[in-house]
2 protein chains.
Amino acid sequence: MPEARAAEAVRVARGLLEAEGEAALSMRRLAAAMGMRAPSLYKHVPDKAALEVALIAAGLAEAGAAMDARRGSLAGLAAAYREWATAHPHLYLLMTERPLPRERLPAGLEASAAAPLLEVTRDEHEARALWAAAHGLVALELHDRFPPDADLDAAWAALVAAFTR
Amino acid sequence: MPEARAAEAVRVARGLLEAEGEAALSMRRLAAAMGMRAPSLYKHVPDKAALEVALIAAGLAEAGAAMDARRGSLAGLAAAYREWATAHPHLYLLMTERPLPRERLPAGLEASAAAPLLEVTRDEHEARALWAAAHGLVALELHDRFPPDADLDAAWAALVAAFTR
DNA sequence: ACCTGAACACCGTTCAAGT
DNA sequence: ACCTGAACACCGTTCAAGT
């Protein structure tokens with residue numbers, strides 16, 4: 001897919017998503033931002049799902065790198081996870097609230113994003129539980145599901161404590 | 001809101017949501033299922049958001065009751081949470097993936113749904129972390145985000161172990 | 001009191017037609 | 001090769017009009 005104009009579509013799509021949220025990521029809005037009409041987009045990109053796959057892949061790589069930079073400590077990884085997600089809330093939710101399109105993703109991407117967590121846990125099952133816990137805290141925060149007075153720093157500390165010994 | 005026809009709208013809306021998912025819960029589909037056109041719905045219900053609030057309130061009450069029935073044991077609560085959520089996947093996601101409309105919800109509903117978790121943890125922060133962990137596992141499962149060969153029973157066991165002592 | 005069609009401002013996508 | 005308008009099958013919502 002990545003001919004010059006397709007790469008531009010992905011770049012502009014990410015800007016729309018991050019700046020204005022999921023609702024702004026429409027083929028009509030994107031086309032307008034590129035100076036064309038929606039049908040023309042289909043000469044450069046197969047469909048909207050392909051655009052989303054490209055955004056998901058980029059997000060996974062970046063989030064993985066952010067965690068890799070804090071490799072080794074559970075508390076550091078948790079902080080890196082929360083920071084990356086809250087810095088890219090709309091992209092984060094796009095990455096986690098639909099099935100992972102594994103066959104359209106670069107080989108090894110999922111595994112390399114998960115590696116820092118596996119390193120810091122006993123086994124894959126504990127790594128899965130830890131990932132889910134971090135995801136749950138982030139997702140509920142991003143969706144404004146906690147009471148307004150909830151102390152989320154304390155909740156993260158409790159999570160880290162639970163998975164430490 | 002709950003005049004006879006409004007109550008029917010909520011009932012039929014829940015049927016559509018649970019049977020066919022979020023996309024089926026449209027004002028046009030709902031109206032058709034009730035033998036009318038979409039604009040007529042607005043004589044009985046303020047808007048789609050009000051319908052969703054009614055569904056969320058019902059879901060919270062039911063999930064709370066399911067957990068109340070397994071009060072006391074962390075493992076039992078975790079199992080009750082997972083079972084209720086996977087039995088009502090579309091309603092569960094509707095309940096958790098948007099801000100809680102607290103001012104339109106029956107008083108005390110949120111607190112009573114949270115009570116069984118508070119009972120089994122050290123403090124509110126640990127309760128929050130535990131809820132988030134359970135939510136994360138459920139949400140990632142419902143969205144098909146785990147590898148197809150992931151052992152989710154083992155992940156739930158690891159979660160329970162982490163929060164036990 | 002209740003329901004309607006028409007309309008408005010949107011979606012993703014296809015396709016014949018224009019340059 | 002690239003872009004277009006028109007169309008199709010959808011959204012939530014408003015409103016004047018009908019019974």
Side-chain angles (χ1 to χ4, degrees), chain A residues 1-57 90-91 93-95 97-101 104 143-144, chain B residues 1-57 90-91 93-95 97-101 104 143-144:
Chain A
M1 201 221 328
E3 293 86 40
R5 215 93 157 98
E8 185 194 350
V10 173
R11 212 179 56 239
V12 176
R14 177 155 178 181
L16 279 170
L17 174 66
E18 299 226 41
E20 300 183 53
E22 202 190 353
L25 186 55
S26 80
M27 297 300 269
R28 288 169 212 257
R29 287 282 312 266
L30 174 58
M34 292 175 69
M36 56 175 73
R37 307 303 158 88
S40 309
L41 238 22
Y42 291 81
K43 295 291 163 185
H44 305 110
V45 153
D47 52 22
K48 192 182 179 183
L51 239 18
E52 291 176 347
V53 169
L55 295 178
I56 290 167
H90 302 293
L91 180 53
L93 294 177
L94 182 75
M95 289 159 59
E97 292 185 346
R98 63 205 70 207
L100 235 214
R104 307 171 77 181
H143 284 306
D144 256 316
Chain B
M1 196 216 337
E3 294 85 40
R5 215 94 157 99
E8 184 194 351
V10 174
R11 212 179 56 240
V12 176
R14 177 157 180 180
L16 278 170
L17 175 66
E18 298 225 43
E20 298 184 54
E22 203 190 352
L25 187 55
S26 81
M27 296 300 268
R28 288 170 213 258
R29 287 283 311 268
L30 173 58
M34 291 175 69
M36 55 174 76
R37 305 302 158 87
S40 308
L41 238 22
Y42 291 81
K43 296 291 163 186
H44 305 110
V45 154
D47 52 22
K48 192 183 178 182
L51 238 19
E52 291 176 347
V53 169
L55 295 179
I56 290 167
H90 302 294
L91 180 54
L93 294 176
L94 182 75
M95 288 159 60
E97 292 185 348
R98 61 205 71 207
L100 234 212
R104 307 171 79 183
H143 284 307
D144 255 315

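Values reported hereafter were calculated over all heavy atoms of this structure, with side chains retained and with hydrogens, waters and symmetry mates removed. Numbered from 1 within each chain, the chains take letters A, B, ... in sequence-line order.
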Take atom P in dA9(D) and the same atom in dC10(C), then report the distance between them in whole Å.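 Looking at atom P only, dA9(D) and dC10(C) are 22 Å apart.
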For DNA chain C, just give me the dot-bracket, please: Watson-Crick or G-U, both distances below 3.5 Å, ( ) intra-strand, [ ] crossing earlier pairs, | paired with another strand, . unpaired. ||.|||||...|||||.||
Pairs in or reaching into residues 20-38 of chain B: which pass side-chain hydrogen bond (donor to acceptor under 3.5 Å, both in side chains), with residues at least two apart or in two chains?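 As it turns out, the side-chain hydrogen bond (donor to acceptor under 3.5 Å, both in side chains) pairs with a partner in residues 20-38 of chain B, which skip direct neighbours, are Glu20(B)-Arg29(B).
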Taking the side chain as C-beta and beyond, is there a heavy-atom pair between Lys43(A) and Arg5(A) under 4.5 Å?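 No. Closest side-chain heavy atoms not under 4.5 Å.
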Let me confirm one number: the [atom1]-[atom2] distance from [X] to [Y], rounded to the nearest 0.5 Å.
{"X": "His44(A)", "Y": "Met36(A)", "atom1": "NE2", "atom2": "CE", "value": "5.0 Å"}
{"X": "Leu41(A)", "Y": "Leu30(A)", "atom1": "CG", "atom2": "CG", "value": "4.5 Å"}
{"X": "Met27(A)", "Y": "Lys48(A)", "atom1": "CE", "atom2": "NZ", "value": "8.0 Å"}
{"X": "Leu25(A)", "Y": "Glu52(A)", "atom1": "CG", "atom2": "CD", "value": "6.0 Å"}

Answer with base, sugar-phosphate or nothing: what part of the nucleic acid does Lys43(A) contact at a heavy-atom distance below 4.0 Å?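 Contact class for Lys43(A): base.
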Walk along DNA chain C from 5' to 3' and tell me the first and last nucleotide with an atom closer than 4.0 Å to a non-hydrogen atom of chain A.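 The footprint of chain A covers dC11(C) to dC15(C).
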Glu18(A): which residues meet the side-chain contact (heavy atoms from CB on, under 4.5 Å) condition with it, sequence neighbours left out?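 Only Arg14(A), His88(A), Leu91(A) meet the side-chain contact (heavy atoms from CB on, under 4.5 Å) criterion with Glu18(A).
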For Ala33(A), all residues meeting side-chain contact (heavy atoms from CB on, under 4.5 Å), sequence neighbours excluded: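 Partners of Ala33(A) by the side-chain contact (heavy atoms from CB on, under 4.5 Å) criterion, ordered by chain and then number, come out as Val12(A).
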Derivation and outcome, side-chain contact (heavy atoms from CB on, under 4.5 Å), residues Leu100(B) and Ile56(B): CA-CA 9 Å; Leu100(B) 234 212; Ile56(B) 290 167; 4.0 Å; yes
Using every non-hydrogen atom in the two residues, find where His143(B) and Leu93(B) come nearest and quote the distance to one decimal.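 That closest heavy-atom pairing would be CE1-CD1, 3.6 Å.
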Hey, can you pull the residues of residues 16-38 of chain A with a non-hydrogen atom under 4.0 angstrom from DNA chain D?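 Residues of residues 16-38 of chain A that come under 4.0 Å of DNA chain D are, in numerical order, Met36(A), Arg37(A).
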